[in-house]
Amino acid sequence: MIRSPEELDGRTVDDIADVVIVGSGAAGATAARVLAEAGLEVVVLEEGPAVPAAELRPDFHSGQARVWRDGGAQVARGRALMPLLQGVCVGGSTAINGAIIHRIPETILGGWLKADPGLAVTVDPERLGEIWDRMDEELGVGPAPPDVLGENNRLLGVGARALGVDAAPIRRNVIGCEGSARCLQGCPTARRQSMNISYIPRAVAHGARVYTCAWAQRVTLGRGRATGVVARLHRGHRGQWCGRLRVRARRAVLIAASAVHTPLLLLRSGLGRTSGLVGRRFQAHPGTAVLGVFDDPVRMWAGATQGYESLHWWDERMKIETLALPPELGAVRLPALGAPLIRRLAEYGHVAQWAVQVRALAMGSVVHGLGGRAVVRYDLTPADVRVLKLGVLRLCELLFAAGAREVLPGVHGLPPSVRSMDELAPLGELPDSPQLFHCIASHMFGTAVMASAPKMGVTSPTGELWDCPGAYVIDSSVFPSNLGVNPQHAIAGLAWRLAERLVEEAAG
Amino acid sequence: MLTRWERAFLGDLFEILLPRGGHPRLPLGAADMPLVPFAERWLLEAPADVRVGFRVALRVLAWAPLLTLSGIRPLRALEPDARIAVLERLSRHRLYLLRELPLLVKTVACTGYCAHPAVREGIGLPDHVEGPPRWLEELDTGGPRTVERP
């Protein structure tokens with residue numbers, strides 16, 4: 001059952017369940033599904049609305065305003081401003097991402113376990129592998145088929161082959177993709193198996209209750225343990241407050257509100273104070289894009305939004321991927337104003353866009369700002385900037401190798417448009433400053449990190465807060481580091497593992 | 001939400017950025033669609049710091065000729081070609097925050113402009129047949145022009 005505030009009619013509502021989950025994204029929905037199917041009574045609180053595919057429009061803003069946090073204007077502050085893209089709707093960021101599926105790379109898992117062997121209680125590569133196998137099957141995970149690649153994706157393969165670079169179609173969680181390139185606005189055909197389409201309905205089918213437009217205000221405590229959650233209800237994504245919700249948890253409170261908003265809920269609730277690490281160690285995958293103009297049509301709007309990638313330079317902390325943007329966003333990257341901008345827009349059908357995503361070393365922080373909003377401070381290190389520079393160069397090289405007649409690197413200090421790699425030579429002379437680029441970050445980690453000792457982390461390896469029995473963090477906040485790959489499957493897999501531990505405990 | 005001066009200046013900026021008749025397939029300009037009301041909606045949906053930043057940006061942009069050493073007159077007093085030249089110079093300014101200002105306005109302008117079905121058709125997108133964006137429909141039909149905030 002999915003209940004909106006309209007149905008609750010502005011009342012203060014009381015509910016009770018075995019487990020209360022805050023957030024319906026990759027972690028929350030997966031845990032809800034595992035727990036509900038195991039017979040536990042589950043309530044999920046989602047801050048955003050449920051947005052059916054039928055309500056989505058083709059333009060970017062109509063979706064952005066409804067399903068993106070702050071309408072896409074959430075920004076990390078540092079020497080450069082960096083938009084942090086998150087979904088705020090049933091399904092969370094899985095409802096607005098490019099459907100890219102990766103498991104936690106072995107070297108990352110190995111690094112976590114080497115640094116803290118105690119994590120093996122839950123971070124068990126063998127069991128995680130079994131979980132990911134099952135999720136692959138349930139979510140229709142497979143390489144983007146040739147008939148939905150479209151030119152933007154196909155050309156990356158052409159460029160990579162020409163340069164001898166490893167690249168391949170992306171494994172995606174889509175069943176019957178129609179290649180409308182509208183992943184970021186919300187899939188208009190409901191083919192992407194985001195959590196609102198897959199695990200939330202499964203949880204609901206097993207009795208879970210989902211409250212939408214319910215902003216979790218704080219975790220309630222009693223006798224030294226978590227006893228539930230108090231939430232405020234609002235009408236719509238940016239509606240007025242219209243009621244309260246109090247949900248009592250018989251067994252556990254699971255927090256899965258994202259690496260930006262989970263630490264804020266902990267701080268509001270006075271929890272996770274043992275290590276002083278709540279909201280610290282914020283990590284991300286910043287990325288930037290380069291555009292190429294081709295003689296033949298590319299039509300980014302035909303094909304998978306993100307259908308091809310290269311992990312060739314993963315050891316150098318970079319991942320290359322295609323990224324078809326709607327003209328509303330792509331136009332901003334076109335280096336022109338006035339009539340030249342209109343002319344550039346008219347040839348937008350000949351533009352390809354690819355991006356580099358960096359496994360950044362930088363660490364930031366998340367704190368409360370005015371009105372309870374998140375303030376994220378995050379600054380790339382000079383080493384991260386050097387990786388970005390190298391990534392931009394490689395993107396340009398790939399685009400030229402694929403046949404681009406002109407490349408638009410989008411780097412301050414370089415020519416806005418180049419026709420050969422020689423023109424990019426000055427990049428090496430530019431300072432290692434994040435202000436050279438327009439970066440975004442869409443994967444966030446580490447703000448309530450798990451560890452086997454209270455001084456080293458906010459939660460134990462089971463996700464339970466060291467200072468509050470019964471309260472668990474199950475999203476990417478507990479990740480000891482970033483991954484270097486898109487994290488949806490990693491987050492869901494670990495949440496599954498943590499949830500099944502709870503089921504085992506409940507079974508005694 | 002915006003003052004009369006802010007609306008008028010923003011309308012001017014949009015027309016500089018997206019002029020009418022720029023290309024045979026894209027004959028419409030910012031002046032042909034309700035981009036300023038769209039910007040007001042966009043601002044209402046944005047966090048408070050972005051709203052404040054946008055309004056500060058308008059005031060700085062009004063005096064962009066001074067910042068780019070292009071003269072002592074405000075932007076609105078310049079000829080159209082000179083306005084574009086000033087904004088382009090500002091978008092390449094050595095100070096990061098200054099060069100982000102034209103980009104901020106361009107972001108809002110392009111978000112609204114490229115959503116228009118006629119523009120999408122001109123670019124070649126097949127989805128223009130699905131109808132106008134929700135905000136344009138509401139503005140055209142006199143629907144809600146503001147978004148309630150908590």
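So that the names make sense, note that chain A is the first sequence line, chain B the second, and so on, each numbered from 1.
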Note: Glu45(B)-Arg66(A) ion pair, threshold 4.0 Å (strictly below): no
Any donor-acceptor pair under 3.5 Å from Arg120(B) side chain to Pro58(A) backbone: yes
Taking every non-hydrogen atom, the tightest pair across Val332(A) and Cys110(B): CG2-CB, 4.3 Å
Residue Arg76(B) excluded, over 12 heavy atoms near CZ under 6.0 Å: yes
Pairs of heavy atoms under 4.5 Å with chain A: top-ranked of Arg25(B), Glu100(B), Arg99(B): Arg99(B)
Toward chain B: residues of residues 333-341 of chain A with heavy atoms under 4.5 Å: Leu334(A), Ala336(A), Leu337(A), Gly338(A), Ala339(A), Leu341(A)
Structural part of Arg79(A) lying under 4.5 Å from a heavy atom of chain B: backbone
Residues Glu347(A) and His23(B): side-chain donor-acceptor under 3.5 angstrom: no
Over 12 non-hydrogen atoms of neighbours within 6.0 angstrom of CG in Asp147(A): yes
Pairwise distance CZ(Arg77(A)) to CG(Asp49(B)) - rounded to 0.5 angstrom: 4.5 Å
Considering all heavy atoms, the nearest Pro327(A)-Ile123(B) contact: CB-CD1, 3.9 Å
Residue Arg344(A) versus chain B: region with a heavy atom under 4.5 Å: neither
Part of Leu17(B) lying under 4.5 Å from any heavy atom of chain A: both
Tyr96(B) ring center near His412(A) ring center (under 6.0 Å): no
pair Leu103(B)-His438(A): side-chain heavy atoms closer than 4.5 Å: yes
Arg218(A) atom CZ, neighbour heavy-atom count above 12 within 6.0 Å: no
Expected output: side-chain Tyr348(A) to main-chain Gly124(B) donor-acceptor under 3.5 Å: no
Pairwise side-chain contact, Tyr113(B) with Glu328(A), heavy-atom cut-off 4.5 Å (strictly under): no
Chain B interface, residue from Ala346(A), Ser62(A), Ala331(A), Pro297(A) that has the most non-hydrogen pairs under 4.5 Å: Ala346(A)
Separation of Leu345(A) CG from Leu18(B) CG (nearest 0.5 Å): 7.5 Å
Interface moiety of Leu329(A) toward chain B, non-hydrogen atoms closer than 4.5 Å: neither
